Amino acid sequence: RARAEGQGTTRFFEPGMDAVLTARHALEGALRQAAAAEDFTLHYQPVFEVRSRRLLGFEALLRWTHPERGPVSPADFVPLLEETGLILPVGAWVLRTACREALRWPDPIGVAVNLSPVQFRRAEVLSAVRTALDETGLAPHRLTLEITEGLLLQHTEEVLETLAQLRALGVGIALDDFGSGYSSLAYLWRFRFDMLKIDRAFVRALRRDGKAAAIIESIVGLGHSLDLRITAEGVEMEEQLAALSGVGCDEAQGFLLGKPMPAEQAQALAQGGGRIASLAAA
Ligand code: C2E
Ligand code: MG
Ligand code: MG
Ligand code: MG
């Protein structure tokens with residue numbers, strides 16, 4: 001009907017577009033306030049060694065609670081932080097906070113921090129990481145930085161140079177969500193990573209799909225031949241863990257082993273030696 005009315009077609013969609021923009025502006029305003037007040041928290045998801053079932057460390061995950069709407073998923077607000085540039089101050093806060101909280105865990109239990117491609121744009125990331133390590137005194141070997149393939153698609157020379165400088169600080173570099181995007185083997189060839197994190201999609205497919213198992217097995221083989229550690233994310237079922245163990249995957253993370261948890265709980269887990277009930281039998 002809208003089409004038959006000619007000009008009415010555009011008008012038909014306008015209220016919807018306005019509503020989307022208004023909602024976005026409201027969210028952006030609330031995010032700006034949160035950034036100014038550093039009104040975020042970090043949750044920590046445990047990572048275990050598959051073979052020994054020992055706790056190795058935690059991944060820091062950003063959490064934000066909107067004053068009226070309640071908790072908002074990072075999948076929804078991280079892109080907005082990136083578009084507005086707020087990811088620079090917030091990302092620096094994440095680094096400082098993760099390093100400070102990790103300092104309370106027994107050495108060598110480590111912390112992994114996700115970095116946005118936007119943080120690399122002005123090489124600010126190098127000073128943010130240095131500052132976080134200097135201010136807190138966390139040993140660099142206890143910090144891992146997770147980057148995504150998206151980063152490597154842009155400004156490659158500059159990015160590789162910055163990554164090399166970061167690695168020279170003594171921190172680990174992990175390639176996150178490996179296999180989910182435009183994974184190019186050339187990245188593995190051109191930069192010396194410390195770790196590959198296999199994307200959740202492959203782990204999810206493990207049960208029903210023989211191809212997923214074959215792909216994971218070859219990623220593990222490739223990674224090991226390049227001297228990389230392999231982590232699987234999104235492990236939700238015992239049979240997935242068993243399959244990962246079977247192909248020699250080094251580390252695992254997922255709801256089966258532990259959900260992201262507040263700092264106090266992570267500290268208790270770290271100090272308790274990382275025993276988890278569901279793993280006790282192994
Ligand atoms: P990611 O780095 O791949 O983090 C893993 C995500 O998978 C987390 O979602 C985690 O809660 C979820 N997850 C872990 N185990 C399982 C599982 O067994 N099943 C399922 N279904 N999900 C699982 P979360 O916390 O919502 O974070 C989503 C994404 O937001 C992260 O993906 C990361 O890309 C981004 N992000 C989170 N915190 C930060 C941050 O501090 N800085 C930046 N730049 N990005 C962040
Ligand atoms: Mg990650
Ligand atoms: Mg990931
Ligand atoms: Mg992921």
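This structure is a prediction, so every number in the text was calculated from the model and none was measured. One-based numbering, in listed order, for ligands and for the atoms of each.
Only the side chain of P260 comes within 4.0 Å of ligand 1, counting heavy atoms alone; its backbone N, CA, C and O stay farther away. Only side-chain heavy atoms of D176 come within less than 4.0 Å of ligand 1; its backbone N, CA, C and O stay farther off. Under 4.0 Å from ligand 1, not a single heavy atom of H43 appears. The proximity of K259 to ligand 1, defined as any non-hydrogen pair under 4.0 Å, does not occur for either the backbone or the side chain.
The shortest separation from a heavy atom of K197 to ligand 1 is not under 4.0 Å, leaving the residue out of contact. The closest approach between any non-hydrogen atom of Q253 and ligand 1 is not below 4.0 Å.
Checked by distance only, ligand 1 and F255 come closer than 3.5 Å through their nitrogen or oxygen atoms. Note: an N/O pair closer than 3.5 Å links R63 and ligand 1 by distance alone. By the 3.5 Å distance cut-off applied to N or O atoms, V78 is not counted among the residues near ligand 1. The shortest N/O to N/O separation between D177 and ligand 1 falls below 3.5 Å. An N or O contact shorter than 3.5 Å links E59 to ligand 1 by distance.
Atom 15 (N) of ligand 1 has its nearest heavy-atom neighbour, among R200, Q45, E233, Q240, in Q45. Considering V90, L257, N114 only, the shortest heavy-atom separation from atom 33 (C) of ligand 1 involves N114. Comparing heavy-atom distances from atom 8 (C) of ligand 1 across L42, L61, D199 singles out L61 as nearest.
L145 is connected to Y187 through a chain of hydrophobic side-chain contacts under 4.5 Å among Ile, Leu, Val, Met, Phe, Trp and Tyr, so both are in one cluster.
Listed here is the closest heavy atom pair of F48 and L257: CE1-O, 3.6 Å.
Within the structure, every pair that satisfies the salt bridge (charged side-chain N to carboxylate O under 4.0 Å, His left out) test and touches residues 32-46, not counting sequence neighbours, is listed here: E28-R32, E38-R96. Counting only residues at least two apart or in different chains, side-chain hydrogen bond (donor to acceptor under 3.5 Å, both in side chains) contacts with residues 62-74 are absent.
For the pair OD2 of D176 and OE2 of E59, the angle at the Mg ion (ligand 2) is about 180°; rounding is to 10 degrees. At the Mg ion (ligand 3), the angle from OE1 in E233 to OD1 in D177 is 120° when rounded to 10°.
Summarising the local packing, CZ of R192 is surrounded by more than 12 heavy atoms from other residues, nucleotides or ligands at distances under 6.0 Å.
Taking NE2 from H224 and CZ from R229, the interatomic distance works out to 7.5 Å, rounded to the nearest 0.5 Å.
Under 3.5 Å, the side chains of E49 and S52 contain a donor-acceptor pair of N or O atoms. For Q267 and Y44, the side-chain atoms include no donor-acceptor pair closer than 3.5 Å. Judged by distance alone, the side chains of E59 and Q253 do bring a donor and an acceptor atom under 3.5 Å apart.
Near G254, the atoms of ligand 1 lying under 4.0 angstrom from a non-hydrogen atom of the residue are 15 (N), 18 (O). Listed by atom number, the atoms of ligand 1 under 4.0 Å from E236 heavy atoms are 17 (C), 18 (O), 19 (N), 20 (C), 21 (N).
No donor-acceptor pair under 3.5 Å is formed between the side chain of E83 and the backbone N or O of L80.
The side chain to side chain contact (heavy atoms under 4.5 Å, CB included) with I147 is formed by just one residue from the set D176, L166, L152; it is L152.
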